[in-house]
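Reminder, nothing fancy here: chain letters follow the sequence lines and each chain counts from 1. Below, all heavy atoms of this structure are taken into account, side chains as well, without hydrogens, waters or symmetry copies. Predicted, not measured: the structure shown is a model, and the values here were computed from it.
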Amino acid sequence: DTEVTQTPKHLVMGMTNKKSLKCEQHMGHRAMYWYKQKAKKPPELMFVYSYEKLSINESVPSRFSPECPNSSLLNLHLHALQPEDSALYLCASSQDPYSYNEQFFGPGTRLTVL
Amino acid sequence: AQKVTQAQTEISVVEKEDVTLDCVYETRDTTYYLFWYKQPPSGELVFLIRRNSFDEQNEISGRYSWNFQKSTSSFNFTITASQVVDSAVYFCALREYTGANSKLTFGKGITLSVRP
């Protein structure tokens with residue numbers, strides 16, 4: 001199984017809503033990542049979890065809150081988002097966090113904030 | 001600081017044409033890793049290849065081939081006999097060997113359109 005799954009595929013939310021994005025992998029990978037991608041731009045790293053601990057936070061606003069309940073799951077909790085947060089949110093995983101391992105990406109969640 | 005330049009932004013070819021996507025990188029490290037990813041309209045980034053800085057052998061995988069030249073800091077990708085299914089955005093990426101906190105730096109991507 002070389003798949004990273006993400007739910008939901010699409011999400012529309014208001015600025016006062018609270019929602020969560022979910023990501024799952026069953027490859028035994030110990031590093032998981034959240035990226036944000038705006039249209040016609042490359043992905044931008046948001047967070048990295050290494051062995052279930054947050055190792056990188058790229059100065060992401062606190063309205064985005066990541067969580068790694070176990071080695072297979074990664075969540076991104078959303079609260080009080082702004083319209084400019086509308087984007088494709090991609091989850092990825094790699095065998096471990098070291099540089100030589102390729103990252104495998106999920107299909108993403110297309111988020112629209114109204 | 002590391003940098004990846006994909007100077008071509010959009011390329012349009014007719015099916016069965018060969019097409020080369022250029023990637024030029026900058027890094028001060030002697031050990032680093034280069035990657036190509038494909039992003040079809042569905043959104044998922046699909047891993048295509050990884051190359052480390054000590055391995056300059058060219059690679060061929062079916063219709064895909066990669067030319068890594070350290071002398072020019074380039075890692076170019078050629079699709080032979082292109083097909084409509086090759087239409088996607090292609091990203092070149094670089095990761096330096098600085099341990100667990102090294103980040104994947106992407107180029108801006110090249111949008112390839114293959115017309116029937």
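Contacts of Q6(A) with chain B are absent, with no heavy-atom separation under 4.5 Å from either backbone or side chain. Looking at Y32(B), neither its backbone nor its side chain comes within 4.5 Å of chain A, counting heavy atoms on both sides.
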Which pairs would a plain distance check flag for residues 103-114 of chain A, meaning a side-chain donor or acceptor within less than 3.5 Å of a matching protein atom at least two apart in sequence or in another chain?
from	atom 1	to	atom 2	distance (Å)
Q103(A)	OE1	Y35(A)	OH	2.7
T109(A)	OG1	P8(A)	O	2.5

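Between the side chain of R51(B) and the backbone N or O of W36(B) there is no donor-acceptor pair closer than 3.5 Å. With hydrogens and angles disregarded, no donor-acceptor distance shorter than 3.5 Å links the side chain of Q8(B) to the backbone of L112(B).
Looking at Y37(B), F77(B), F35(B) one by one, the single match for side-chain contact (heavy atoms from CB on, under 4.5 Å) with L48(B) turns out to be F77(B).
Top candidate by heavy-atom pairs under 4.5 Å with chain A, chosen from L104(B), T9(B), I49(B), V46(B), is L104(B).
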